[in-house]
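Remember, predicted model here, so these are calculated numbers, not experimental data.
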Amino acid sequence: PRSTLDRSSAASDVYKRQAPTRLFPGINQGIASHFNLKKENEELKQQVRRTDMIVGKSSIINSVRQTIAKVSQTNSRVLILGSSGSGKESCARTIHQESPRRNSSFIHVNCSMVTEEELFGKEFRLDNNKRRIGLFEKSNRGTLYFDEICDLSLELQGKIIHAIQQQRFKRIGGNFELSVDVRVISSSSKNIKEQIELGLLREDLYYRLGVVPIEMPDLKNHSQDIPDLVKYYMSSSAATLNKPVRTLSDDALACLQQYDWPGNLNELRNIIDWLLIMAPNNNNGIISSEMLPPEIKFCLLYTSDAADER
């Protein structure tokens, strides 16, 4: 039989092997928390890098900027309206960045694709021991942005009303309501009244979302801002594409200001990317009107010929 000393020595060896776990039971949780915080910080940095500014000095853009300055300091729900590509998401991100919530998450929701489980999460189940955290919970103390709210299914529209109004919801399969502090911003490029009449948007949801409406203008209605926008997009696109910053000549800027911009800011950003890649690199690096994309030159030529015929 083993002596008491042998048994004591064996027990000591076992204890030593288990010591880190026994003495520091929270060490694994601490390491996990550290890496989770690191990941969250990286996500926040990415959000800051992706944030677009509201660029321009025109009266219509200054009016938008003034509204943003007022509403950003409150928790009011905001509904941003405007054509596709007019800068609705930039407006939403600017509101978030200028608000006291700037250090928390800004979460974008694609309303045409989001599911109930993605929004509200899922509770533990016996057959699947996994809990899913939803977007409402992830955006706690931050901002939840519903992009193209009219594309959200009528079923989900009904289910988010309570969560938005009461700031409470249940995970799918859950028995208890969770409380959150979420600022909700929504946007739409569609005619809201028409969508309500067609039965595609719940009127009660509209009244909850549209506490403060903001209208983003089409680019053709503030074309005087195009020189400033070109400089802004040129700087950001050059860094992204690893290209030197180019300058547009006065005649090139004049052509851009005469164009109708059906794609608004998104189209202008794409044009700048195209110019950085495709425009010939002459000695002084200046981009002239002759170097503009064919579709812009053709459109301006067609418009000029039509005006001459009249």
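Once rounded to the nearest 0.5 Å, the distance linking CD of E155 with NZ of K159 reads 4.0 Å. In this structure, CD1 on I196 lies 9.0 Å from NZ on K193, to the nearest 0.5 angstrom. Rounded to the nearest 0.5 angstrom, C91 SG and I185 CD1 are separated by 7.5 Å. Note that the SG atom of C111 and the CG atom of L119 stand 8.0 Å from one another [nearest 0.5 Å]. Atom CE of residue M53 and atom CG of residue L229 lie 10.5 Å apart, to the nearest 0.5 angstrom.
Between the N75 side chain and the R183 main chain, no donor and acceptor come within less than 3.5 Å of each other. Side-chain N or O atoms of N264 include none that pairs as donor or acceptor with a backbone N or O of D218 at under 3.5 Å. Judged by distance alone, the side chain of S188 and the main-chain N or O of E148 form no donor-acceptor pair under 3.5 Å. For the pair H96 (side chain) and I107 (backbone), a donor-acceptor distance under 3.5 Å is absent. At least one donor-acceptor pair closer than 3.5 Å links the side chain of T74 to the backbone N or O of S76. Without hydrogens or angle criteria, Q73 side chain to E98 main chain gives a donor-acceptor distance under 3.5 Å. Formation of a donor-acceptor pair under 3.5 Å by the S83 side chain with backbone atoms of S86 is not found in this model. Checking side-chain atoms of Q157 against main-chain N and O of L152 turns up a donor-acceptor pair under 3.5 Å. Proximity of a side-chain donor or acceptor of K88 to a complementary backbone N or O of M216 within less than 3.5 Å is not detected. Side-chain atoms of R77 come within 3.5 Å of backbone N or O of R208 as a donor-acceptor pair.
In this view, F146 satisfies the ring pair (Phe, Tyr, Trp, His ring centres under 6.0 Å) rule with no residue, not counting sequence neighbours. Shown here are the salt bridge (Lys or Arg N to Asp or Glu O under 4.0 Å) partners of R141, two or more places apart in sequence or in another chain: there are none.
Residues I95 and V78 form a side-chain contact, since some pair of their non-hydrogen atoms from C-beta on lies under 4.5 Å apart. At least one side-chain heavy atom of L248 sits less than 4.5 Å from a side-chain heavy atom of L256. Two residues are said to be in side-chain contact when any heavy atoms from C-beta on lie closer than 4.5 Å; L292 and L275 meet this criterion. Looking only at side-chain heavy atoms (C-beta outward), T247 and K231 stay at 4.5 Å or farther from each other. Side-chain contact between I54 and I61 is present, with heavy atoms from C-beta onward closer than 4.5 Å. The side-chain heavy atoms of I160 and V184, taken from C-beta on, include no pair separated by under 4.5 Å. A 4.5 Å side-chain heavy-atom check between L178 and F120 finds every atom pair outside the cut-off. At least one side-chain heavy atom of R65 sits under 4.5 Å from a side-chain heavy atom of N62.
Taking all atoms of both residues into account, the shortest heavy-atom contact from F106 to R93 is CD2-NH1, 3.4 Å. Between L154 and G199, the shortest heavy-atom contact is CD1-O, 3.3 Å. Across all their heavy atoms, P217 and I60 have their closest contact at CB-CD1, 3.4 Å. When all heavy atoms of K190 and C150 are compared, the closest pair comes out as CD-CB, 4.2 Å. Scanning both residues, N266 and G85, for their nearest heavy atoms gives ND2-CA, 3.3 Å. Taking all atoms of both residues into account, the shortest heavy-atom contact from Q224 to S58 is NE2-CB, 3.5 Å.
No side-chain N or O of D151 forms a donor-acceptor pair with one of S112 less than 3.5 Å apart. Between E290 and S288, the side chains place a donor N or O and an acceptor N or O closer than 3.5 Å (distance only, hydrogens not considered). For the residue pair D147 and S187, a side-chain donor N or O sits within less than 3.5 Å of a side-chain acceptor on the partner. A donor-acceptor pair shorter than 3.5 Å can be found between the side chains of S237 and D273.
R246 pairs with exactly one of N281, I286, I272 by the side-chain contact (heavy atoms from CB on, under 4.5 Å) rule, that one being N281. Test Q167, R168, Q166 against E177 for side chain to side chain donor-acceptor pair (under 3.5 Å) and you get one pass: R168. Under the side-chain contact (heavy atoms from CB on, under 4.5 Å) rule, I271 has a single partner from V230, I296, L276, which is I296. Between E123 and the choices R131, R132, K170, the side chain to side chain donor-acceptor pair (under 3.5 Å) rule is met once, by R131.
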Apply side chain to side chain contact (heavy atoms under 4.5 Å, CB included) to residues V109 and I149 and explain how you reach the verdict.
CA-CA 9 Å; V109 180; I149 188 64; over 6 Å; no

Pair I164-L205, side chain to side chain contact (heavy atoms under 4.5 Å, CB included): steps then yes or no
CA-CA 9 Å; I164 290 172; L205 176 60; 4.1 Å; yes

Give the intermediate values and the outcome of side chain to side chain contact (heavy atoms under 4.5 Å, CB included) for residues E137 and F169.
CA-CA 9 Å; E137 203 167 347; F169 68 94; 4.0 Å; yes

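Residue L241 is grouped with residue L265 when hydrophobic side chains (ILVMFWY) are merged at heavy-atom distances under 4.5 angstrom, including chains of intermediate members. The hydrophobic clustering, which links ILVMFWY residues whose side-chain heavy atoms are closer than 4.5 Å, places M291 and V245 together. Note on L135: it does not cluster hydrophobically with M113, by side-chain heavy-atom contacts below 4.5 Å among ILVMFWY residues. Residues I172 and V114 do not share a hydrophobic cluster, clusters being chains of Ile/Leu/Val/Met/Phe/Trp/Tyr side chains in contact below 4.5 Å. F136 and I133 fall into different hydrophobic clusters, where Ile, Leu, Val, Met, Phe, Trp and Tyr are joined by side-chain heavy atoms under 4.5 Å apart, directly or via other members.
At most 12 non-hydrogen atoms from other residues, nucleotides or ligands lie less than 6.0 angstrom from CG of D250.
Within the structure, no pair that satisfies the ring pair (Phe, Tyr, Trp, His ring centres under 6.0 Å) test touches residues 180-210, not counting sequence neighbours.
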